[in-house]
Amino acid sequence: MLSHNSLPFMVSGEGEQSDDACFVFLWKCCWMSEEQAVMELPCKTNAERYRKLFLYFFTWIILSITYQTMNVPYIIDESVTMANAALLSGNNWSDYIRSTGNYYYRYGQAFVNLPFMYIVDPYLRYKLMLIMNAAVIAASPVMAYSLCRRQVQDPVLAMLISLASVLLPGVGMYSSFERADYLLITLAWLTIFAFINAYESRNNPKRQAAFSILTAAACCYAYASHTRGVVFIVAVVLTVLLIRLARKERAVHYGVFFFALVVLLLADWQISAWFRSRLWSSGERRASLDTSSLVDLNLIFTTDGIKILIRMLVGWTAVFLGGTMGFGLLGGALAVEDTIKLMRRKGADPKNEALSLLAVLLLLGCFAMGIAFLFVQAPRNNWAEHFFVYERYIIAAFGPLMMVSLSRLTAPHHKICPRLLAAVMIMIPLLILSFSYLMRPELGGSARNYLGLLSFSMFTNQQPKYSFFWLNKGSILLVLFTGILLLLTAIKRGRKYPRTTVGVVLAISLIFFGLSFVTHRVKEDAFQRKTSEQSARQIHQIAETLQEAPIVTLDPSVDSLARTYQFLLKDHPVSLQQPSDWKDTLVICHPSAIISIQETNRIYFFADEKYDETSRDMVVLVHGEAMRDKVQAAGYALTTEKP
């Protein structure tokens, strides 16, 4: 039997088993008797298991309670990603997708959402979906803790660092939408976790093969969930090649990893084609890099293109700085330093240096992928400020670099290079000042795409909108805030009081997340539900009486509610159309649009309904003789004059 010292996993801090004890135990049970496996297991496994369970349920409960205030989706991405799950459940939303712009999103999230599509009550359906989002995100601090324990011997400190690295304001905000962001955030952690374990197990082929398969699966599922998930695949492959070239070491089991990667990508190609043919069968697909023209990237070689690129780089980096409270920037600098050590074979711990390399490549890949996609659209959409400040596309890479920063700052025997720290401290005000100057024309509209920064607008009267006033006051606040936090750690507060330091960072993150959530998500959700609920309920009643799901057409006056209506009316063919294109259909419109509709269309009103033009609630009309006859035959009284 193997000795304790020959076990292929690390033991750190208080003699407790670190990250993958449970996996190793199960793996050993496959190759030796249960009695032998139990004898190999360290004696203090339970303590680590309880800590991981606490991290999981703490995160899940905090996010779930918060998300339970939500009722309906209101961003186009949500309804389009859910269209994949709706298709699997027997409802084709292709009419809605094509009528609202033919936006294209990949299918990975459909398998998570599918069970909820069978729930009739839409509000319960959405709440349960968001609880699932929280359940997925809750796995992230568990993996972060496992990785953190390689450097941090204090288990409580490691728990605080893992929570502070995951519960960032932007992570909490973007995970409250029914989009693929929560999957990419968690899969970033899973990719790093599986890869580091594969690299760590290079002397144990069977175990390395298992983690190599998990690494390939995490990368491919990220790509299946969103086009920008291809960054995960590229980052891992580059890391594998660089480690091989620099250290002559096998980071993954080559045969198993690349075979799994090819098989999964071939399967993805077939599955993706199936979804595309049914939901995006006609028209030009939008909102996907693989549907963009690379010829448009030639703009980068022009003067205007260079200006756009500089503004995007400054804006996105400023979002990265603010979204991680400055620690992400320091973590990125430390990760680059680790990467140089790894390449020069001068580092003391190649596994942690490999983690830094993979984290940096993920961030750079997210930057490159996002900017490449939005860069070509910026000249045609000068009003779209989120092109220049788009936290969503890089949020998945925030956490690992946050962990690198906090674990080094609180390490009692690790000294950060003074020149590196000084460079970061100088970069912060320069970056924010550049951000304030370059972004003045753009930051005047919706703040939904840089939600991690919303909290800073709490200190102004421009909320949740941004303005030049915010740039003056908020930028100064952001410089001072990030600078003070980093300065406290620079003067050894972090090493002297590590738990307190990280605890303060975690508390600030949670407070900022709460403020952003209340000021943005809760208010908007309440408005969407109130204005659409009555008309959606009326459609359901009519459908139940007719014993069929009639076609529903949305007037342009309810454009902002289109995604909400398709979700509420999941069993109906729903589309957004101009009145000239209406046929036999039930129409949802705003009461104020009735006069203009009557000028070109013969419509029928429900005699017992009120059509108050001053009301915010939407109303239902009948259009077409065939639909009129069906509704009247079902017992509804209709009139051509507005009641």
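This chain uses plain numbering: 1 for the first residue, then up along the sequence. Every value quoted in this text rests on a predicted model; they were computed, and no experiment measured them.
- Proximity of a side-chain donor or acceptor of Q153 to a complementary backbone N or O of R149 within less than 3.5 Å is not detected.
- In this structure, M402 and V505 have side chains that are in contact, with non-hydrogen atoms separated by less than 4.5 Å.
- Nearest heavy atoms, L342 versus P350: CD1-O, 3.9 Å.
- Closest heavy-atom contact between A138 and T59: CA-CG2, 3.8 Å.
- Considering every non-hydrogen atom in both A333 and V424, the closest pair reads CB-CG2, 3.9 Å.
- Side-chain contact between R408 and D338 is present, with heavy atoms from C-beta onward closer than 4.5 Å.
- With respect to the salt-bridge test (charged N to carboxylate O, under 4.0 angstrom), the residues D77 and R563 do not qualify.
- The CG atom of N133 sits 7.0 Å away from the CG atom of N113 when rounded to the nearest 0.5 Å.
- Listed for the T186 side chain is no donor-acceptor partner under 3.5 Å among the backbone atoms of L183.
- Residues E391 and M173 form no side-chain contact, since every pair of their non-hydrogen atoms from C-beta on lies 4.5 Å or further apart.
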Could you go step by step and tell me if R529 and T564 meet the side-chain contact (heavy atoms from CB on, under 4.5 Å) rule? CA-CA 8 Å; R529 174 171 179 172; T564 301; over 6 Å; no
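- Side-chain contact between E200 and F195 is absent, with no heavy atoms from C-beta onward closer than 4.5 Å.
- In this structure, the side chains of T69 and F517 come closer than 4.5 Å at one or more pairs of heavy atoms.
- K127 NZ to Y123 OH: the interatomic distance, rounded to the nearest 0.5 Å, is 10.0 Å.
- More than 12 heavy atoms of other residues, nucleotides or ligands lie within 6.0 Å of CE in M343, so this atom counts as buried by the packing criterion.
- A pairwise comparison of heavy atoms in L401 and A335 identifies CD2-CB, 3.8 Å as the closest pair.
- Going from atom OG of S407 over to atom CD of Q151 covers 4.5 Å, rounded to the nearest 0.5 Å.
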Test side-chain contact (heavy atoms from CB on, under 4.5 Å) on H226 and R106 and set out the steps. CA-CA 5 Å; H226 198 284; R106 306 194 92 238; 5.7 Å; no
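- Shown here for M325 and L168, the closest heavy-atom pair between the two residues is CE-CD2, 4.3 Å.
- Stacking of R521 on the aromatic ring of F177 is recorded, both the 6.0 Å distance cut-off and the 45° axial limit being met.
- Using a 4.0 Å cut-off between charged nitrogen and carboxylate oxygen, D181 and R228 count as a salt-bridge pair.
- Side-chain N or O atoms of T81 include one that pairs as donor or acceptor with a backbone N or O of E178 at under 3.5 Å.
- Taking the six-membered ring for Trp and thresholds of 30 and 60 degrees, F567 and Y126 have ring planes more than 60 degrees apart, a perpendicular arrangement.
- Under the side-chain contact (heavy atoms from CB on, under 4.5 Å) test applied with V502, the options L409, I161, L163 reduce to a single match, I161.
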Please evaluate residues R150 and L147 with respect to the criterion side-chain contact (heavy atoms from CB on, under 4.5 Å), reporting the C-alpha separation (whole Å), side-chain torsions for both, the decisive distance (0.1 Å), and the verdict. CA-CA 6 Å; R150 286 169 165 79; L147 293 168; 3.9 Å; yes
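- Annotation: side chain to side chain donor-acceptor pair (under 3.5 Å) contacts of Y67 (sequence neighbours excluded): none.
- Remark: side-chain polar atoms of S405 are not paired, donor with acceptor, to backbone N or O of G328 under 3.5 angstrom.
- Considering CG of L184 and CZ of R392, their distance stands at 8.5 Å, rounded to 0.5 Å.
- Contact check for V156 versus R51: no side-chain heavy atoms found under the 4.5 Å cut-off.
- Atom OG1 of residue T317 and atom CG of residue L329 lie 8.5 Å apart, to the nearest 0.5 angstrom.
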Could you please spell out the steps behind the side-chain contact (heavy atoms from CB on, under 4.5 Å) verdict for L420 and E337? CA-CA 9 Å; L420 184 146; E337 183 183 48; 4.1 Å; yes
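- Residues passing the side chain to side chain donor-acceptor pair (under 3.5 Å) test with T239: none are found, sequence neighbours excluded.
- In this structure the side chain of L167 reaches within 4.5 angstrom of the side chain of L510, judged on heavy atoms.
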Verdict with supporting geometry, Y199 and Q208, side-chain hydrogen bond (donor to acceptor under 3.5 Å, both in side chains): CA-CA 7 Å; Y199 184 28; Q208 187 179 50; over 6 Å; no
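- A ring-ring contact (aromatic ring centres under 6.0 Å, His included) with F398 is found for one member of W316, F320, Y393 and no other, namely F320.
- Between the side chains of Q109 and S225, not a single donor N or O lies within less than 3.5 Å of an accepting N or O.
- The distance from the CZ atom of F57 to the NZ atom of K52 is 14.5 Å, given to the nearest 0.5 Å.
- Between F54 and F58, the ring planes are parallel. Angles under 30° get that label, and only those over 60° would be called perpendicular.
- Residues L362 and I192 form a side-chain contact, since some pair of their non-hydrogen atoms from C-beta on lies under 4.5 Å apart.
- Here the closest heavy-atom approach between residue L363 and residue A397 is recorded as CA-CB, 3.6 Å.
- For the pair T66 (side chain) and I62 (backbone), a donor-acceptor distance under 3.5 Å is present.
- A donor-acceptor pair under 3.5 Å is absent between the side-chain atoms of Y223 and the main chain of V231, judged by distance alone.
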